[in-house]
Amino acid sequence: MPELPEVEVTCQGVLPHLLERTVLAVHSSGKSLRQPIPQELLRSCLCNKTICTVERRAKYILIRFTGKDVLIIHLGMTGKLGIFSQATAAARHDHLVLTLDNTMELRYNDVRRFGSVAVWPADQAEELEQVFLARQGIEPLGAAFDGKQLHQLAHNCTVPMKKFLMDSRRISGIGNIYANEILFAAGIHPVCPANSLSLEQWQEVAGCTVHILNKAIAAGGSTISDFLGASGQPGYFQLQLAVYGKKGEACPGCGEEIVKEVVGGRATFFCPECQQEVQR
DNA sequence: CGGCGCACCTGAGTGC
DNA sequence: TGCACTCAGGTGCGCC
């Protein structure tokens, strides 16, 4: 389920249930995610440790423990985190369960197993910062994010805008749905080369990015209060989408038909009228 | 190095 | 009801 807003909403949703909680036990399904779940390492690093913060970086959820060990979870395409009572029956595709000291459990469920679970032991805290976190793209909701920075980032880069926005090594957190929505909002054609945009256009793209991501988080945030049991689907399920999945429907801006094409190997929706390919 | 295609996995939906 | 086929919101690998 995750693009940045969904991961952020998940973080905010589990946060109040995890703070100050101590992990008593770790169980995994035995099935491999992107990489095998390191059950023994999880046990030795996390059992009897207390959670002190939960934060998001890019599309990763970082659960930090006293003693500096860090559990890192990526939701892949279909990963979900939820808080359940021990009495709640396990669901199909539950792959990791952390038993907490208040009779509740944190459960990671992932149908397609494209997600990942990793632990960075305290003695590797340095590497976590310098190798892993430093490798992530810029944060769209970070203080430094603006059109000027994107303009510089796109210098000499000929890839289509759609791919540029979705490249997590450059910008973190934007997936297929929001890339479509951002380009529509900014009036940019998805195949437009990244280095062909003016500074003004990049400022527009930056502004739309922040606006759309924040709107999606706010919409998903309405589900946070009942996050127990990992009910509803936060994020884009709550957000009014303008073009994604709307092939053949009327553009909300001009009424022209939304078209679908494949760009960078993924379904791409746009309005051929509002998003002109040729730049003037 | 930049960019492309594909593989990883399961399930939902569609058309016959 | 069943079967074959396509598609899905992410990432990283091998290849040119």
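A note on names: the letters A, B, ... follow the listed sequences, proteins ahead of strands, and every chain is numbered from 1.
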Check: Nearest to the side chain of A:Met166 - C:dA8, B:dC4, C:dG10?
Finding: C:dG10
Short question: side chain of [X], backbone of [Y] - any donor-acceptor pair under 3.5 Å?
{"X": "A:Gln12", "Y": "A:Val9", "answer": "no"}
{"X": "A:Arg43", "Y": "A:Val26", "answer": "yes"}
{"X": "A:Gln39", "Y": "A:Ser28", "answer": "yes"}
{"X": "A:Glu181", "Y": "A:Leu241", "answer": "no"}

Could you give the [atom1]-to-[atom2] distance, from [X] to [N], as a whole number of Å?
{"X": "A:Gln35", "N": "C:dT11", "atom1": "CD", "atom2": "P", "answer": "12 Å"}
{"X": "A:Met77", "N": "C:dC7", "atom1": "CE", "atom2": "C1'", "answer": "9 Å"}
{"X": "A:Asp167", "N": "B:dG3", "atom1": "CG", "atom2": "P", "answer": "9 Å"}
{"X": "A:Lys163", "N": "B:dC6", "atom1": "NZ", "atom2": "P", "answer": "12 Å"}
{"X": "A:Leu153", "N": "B:dG2", "atom1": "CG", "atom2": "P", "answer": "11 Å"}
{"X": "A:Arg169", "N": "C:dG10", "atom1": "CZ", "atom2": "P", "answer": "15 Å"}
{"X": "A:Arg170", "N": "B:dC1", "atom1": "CZ", "atom2": "C1'", "answer": "11 Å"}
{"X": "A:Met161", "N": "B:dG3", "atom1": "CE", "atom2": "P", "answer": "13 Å"}

Next item on the list: Check whether any side-chain heavy atom of A:Phe65 sits under 4.5 Å from a side-chain heavy atom of A:Val23, and report yes or no.
Entry: yes
Note to self: Within the 4.5 Å heavy-atom criterion, are A:Phe270 and A:Leu183 side-chain neighbours or not?
What the structure shows: no
Notebook entry, point to check: Are A:Val119 and A:Val131 grouped together when hydrophobic residues (ILVMFWY) are joined by side-chain heavy atoms under 4.5 angstrom apart?
Noted result: no
Which atoms of nucleotides 8-12 of chain B (N or O only) lie under 3.5 Å from a protein N or O atom, and what are those distances?
from	atom 1	to	atom 2	distance (Å)
B:dC9	O3'	A:Arg113	NH2	3.0
B:dC9	O2	A:Arg112	NE	2.9
B:dT10	OP1	A:Arg113	NH2	2.8
B:dG11	OP1	A:Arg92	NE	3.0
B:dG11	OP1	A:Arg92	NH2	2.7
B:dG11	OP1	A:His93	NE2	2.8
B:dG11	OP2	A:Arg92	NH2	3.4

Next item on the list: Would you classify A:Gly265 as touching base, sugar-phosphate or nothing, given that sugar-phosphate means primed atoms plus P, OP1 and OP2, and contacts are heavy atoms under 4.0 Å?
Entry: nothing
Under 4.0 Å between a side-chain N or O of [X] and OP1 or OP2 of [N]?
{"X": "A:Lys59", "N": "C:dG10", "value": "yes"}
{"X": "A:Thr158", "N": "B:dG3", "value": "yes"}
{"X": "A:His74", "N": "C:dG10", "value": "no"}

Note to self: If I pick the P atom on C:dC3 and the same atom on B:dC9, what distance separates them, to the nearest angstrom?
What the structure shows: 23 Å
Note to self: On DNA chain B, does the nearest nucleotide to A:Arg266 precede the nearest nucleotide to A:Cys157 from the 5' side, or the other way round? Give the residue.
What the structure shows: A:Cys157
Check: What stems, by residue range, does DNA chain B take part in, given at least 3 consecutive Watson-Crick or G-U pairs under 3.5 Å?
Finding: B:2-8 with C:10-16, B:10-16 with C:2-8
Item checked: Partners meeting ring-ring contact (aromatic ring centres under 6.0 Å, His included) with A:Tyr60 (sequence neighbours left out) -> A:His74, A:Phe132
Check: Minimum heavy-atom separation for A:Glu257 to A:Pro272, with atom names?
Finding: O-CD, 3.4 Å
Notebook entry, point to check: Between A:Ala179 and A:Ile174, what is the shortest heavy-atom contact and its length?
Noted result: N-CG2, 3.7 Å
